[in-house]
*Asks:* 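Supplied in C-alpha cells, the structure appears directly below.
Read the numbers this way: they start at 1 and go in the same order the structure lists the ligands and their atoms. Note: hydrogens, waters and symmetry copies are ignored here, and every other heavy atom, side chains too, is used. Starting from 1, each residue takes its place in the sequence as its number.
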Amino acid sequence: MAALNRRDFLKKSLKTGTTVVGAAVLIEAASKGLNRRQPFAEAAGPEPEYEIYAAKYGGPLVRKVAIVLWNVGWDEDGPINYYVWAIKAKGGEITLVDTGPSPAQGAARKVPGFVDPIDVVARIGATADSVSKVVITHMHWDHVGNIEGYLRAFPKAKFYVQKREFDFCVKNPVCQRKPIVVIFDPTANKIVGDLERSDRLVIVDGDVNLAPGIDLLLAPGHTLGLQVVRVNTAKGPAVVGSDCAHVFRGYRENNPSVFIMDMPAWIQSFDKVKSKAAIDLIFPGHDVLMHQGYPKVAEDVTRLV
Ligand SMILES: [Zn+2]
C-alpha cells in the first residue's frame with residue numbers, strides 16, 4: 001500500500017474500455033483498515049485548500065425524527081432539507097457533489113420549495129466552463145435523478161461513481177424490486193448504465209485521489225457503494241458525507257438514518273469517516289443546520305467551510 005502513488009490509481013480496464021480508478025487492493029484496505037490514513041493523502045506536499053458550499057434545492061420537509069436517526073424519536077417531528085454540494089478551488093474550478101433530482105421528479109415527489117439544482121449551483125459560478133468533475137455519492141433518486149440535466153449543463157464534466165454502486169443499480173435486478181426501487185431511480189440507473197463505455201463516466205473502485213486535496217472514500221452502509229468526499233480546507237480536512245448520516249446528530253450519536261442497506265458496513269464506515277476530519281467538519285446529507293448555521297453567499301447557498 002505505502003508504495004502506491006497517485007499515478008498508480010489510473011488504469012484502463014481492457015475488458016470494458018471503461019476508465020477504472022483504483023485497485024482491488026484498495027477495496028481490501030478500505031474494508032480491513034478503516035481507521036488508517038490513506039497513503040495517497042500523505043504522499044504529496046501541502047494540499048491546496050478548497051471551500052465547500054451547500055446548495056439547498058428543496059425543503060424544509062417535516063418528518064419523524066426516527067427516520068433520520070435510526071429508531072430514535074418516534075414521537076418527535078423534525079425538518080430536513082435537500083442539498084447538493086459544490087467544492088470550489090482558489091482558481092474558481094468547481095467540483096460538484098450529486099445532481100439532486102430532475103425538475104420532473106421534484107414535482108412528482110412533491111419536494112417542497114423545489115428549485116432545479118442546476119440553477120442553485122449556478123448562483124456560485126458553477127457553469128459549463130468551471131465544472132470538470134461531478135461526484136455521485138450514491139444513486140438514490142434525490143442524489144442522481146438530475147444526471148441527464150447535469151450531463152447537458154456541464155458538458156466538460158466527468159462523473160464519478162463507485163463500482164459497487166454502479167454494479168448494484170445497473171446490473172443487479174434486485175435494485176428494480178419493491179420496496180428498494182422506491183428510493184432509487186430506474187431512469188437514472190439506465191442513463192448511468194448507458195455511460196459505461198463513455199468517457200463521461202469514471203467508475204471508481206474503492207478509495208482514490210480525485211485531485212490534489214480531494215479524495216473519494218468508499219463508505220458503504222446507507223447504500224452498498226456510497227462514497228464520501230474528503231476535502232482539504234482552510235480549517236483542515238473536511239468531509240462531504242452525503243447520506244452516510246442524514247443529520248449532524250447522526251455522527252455525534254453514532255446513529256444512521258433508517259435508510260440502511262448494510263448496518264455492519266455502515267458502522268465501519270462511520271469509524272472511517274470520523275477518522276478523516278473533526279466532527280464539526282463532517283457534513284451530513286439533509287440537516288437543516290447546513291442552511292441555517294453558515295454564511296449565506298447566495299439564495300439557498302451557504303458556505304460550510
Ligand atoms: Zn440516500
Side-chain angles (χ1 to χ4, degrees), residues 54-61 63-71 78-85 96-102 105-106 108-112 114 117 134-147 150 159-170 172 174-189 191-192 204 216-229 239-251 255-263 265-267 269-270 272-273 282-288 290-291:
K56 179 175 91 70
Y57 67 78
L61 173 71
R63 49 190 355 192
K64 293 294 174 201
V65 169
I67 293 190
V68 297
L69 288 169
W70 193 84
N71 214 15
I80 63 157
N81 282 336
Y82 292 89
Y83 301 95
V84 293
W85 298 267
L96 294 174
V97 181
D98 289 340
T99 72
S102 66
Q105 279 175 320
R109 301 257 190 176
K110 298 187 171 61
V111 175
F114 179 83
V134 179
V135 177
I136 304 297
T137 62
H138 64 298
M139 290 177 62
H140 280 163
W141 67 274
D142 53 330
H143 294 263
V144 73
N146 208 14
I147 186 151
Y150 266 52
F159 290 67
Y160 295 78
V161 66
Q162 283 285 336
K163 183 176 189 304
R164 292 185 192 184
E165 193 78 355
F166 180 90
D167 285 350
F168 178 72
C169 293
V170 173
N172 189 335
V174 168
C175 190
Q176 310 291 332
R177 300 264 300 270
K178 284 184 180 176
I180 209 166
V181 67
V182 173
I183 52 173
F184 284 93
D185 178 351
T187 304
N189 291 350
I191 294 167
V192 173
V204 172
L216 303 180
L217 306 176
L218 180 64
H222 176 67
T223 63
L224 299 182
L226 181 139
Q227 61 185 343
V228 302
V229 191
V239 173
V240 180
S242 187
D243 288 354
C244 187
H246 270 45
V247 292
F248 284 105
R249 273 180 67 189
Y251 290 113
N255 203 0
S257 72
V258 294
F259 302 107
I260 287 292
M261 288 177 71
D262 186 338
M263 182 68 95
W266 172 81
I267 289 169
S269 291
F270 248 39
K272 176 177 176 174
V273 169
I282 305 175
F283 299 104
H286 292 274
D287 201 316
V288 291
M290 279 187 286
H291 185 59

*Asks:* What is the name of the N/O/S atom of H138 that is nearest to the Zn ion (ligand 1)?
*Replies:*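 Of all N, O or S atoms belonging to H138, NE2 is the one nearest the Zn ion (ligand 1).
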*Asks:* Any side-chain heavy atom of F184 within less than 4.5 Å of one from W141?
*Replies:*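 In short, these two side chains do not touch, never coming nearer than 4.5 Å.
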*Asks:* When the ring planes of H222 and H138 are compared, do they come out parallel, tilted or perpendicular, using 30° and 60° as the limits?
*Replies:* perpendicular
*Asks:* Give the name of the N/O/S atom in D243 that lies closest to the Zn ion (ligand 1).
*Replies:* OD2
*Asks:* With distance as the sole criterion, is a donor-acceptor pair present between the side chains of H291 and N81 under 3.5 Å?
*Replies:*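 There is no such pair between these side chains.
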*Asks:* Have a look at H140 and say which of its N, O or S atoms is nearest the Zn ion (ligand 1).
*Replies:*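 H140's closest N, O or S atom to the Zn ion (ligand 1) is named ND1.
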*Asks:* Might you work through the side chain to side chain contact (heavy atoms under 4.5 Å, CB included) test for F159 and I147, ending with a clear yes or no?
*Replies:* CA-CA 9 Å; F159 290 67; I147 186 151; 4.0 Å; yes
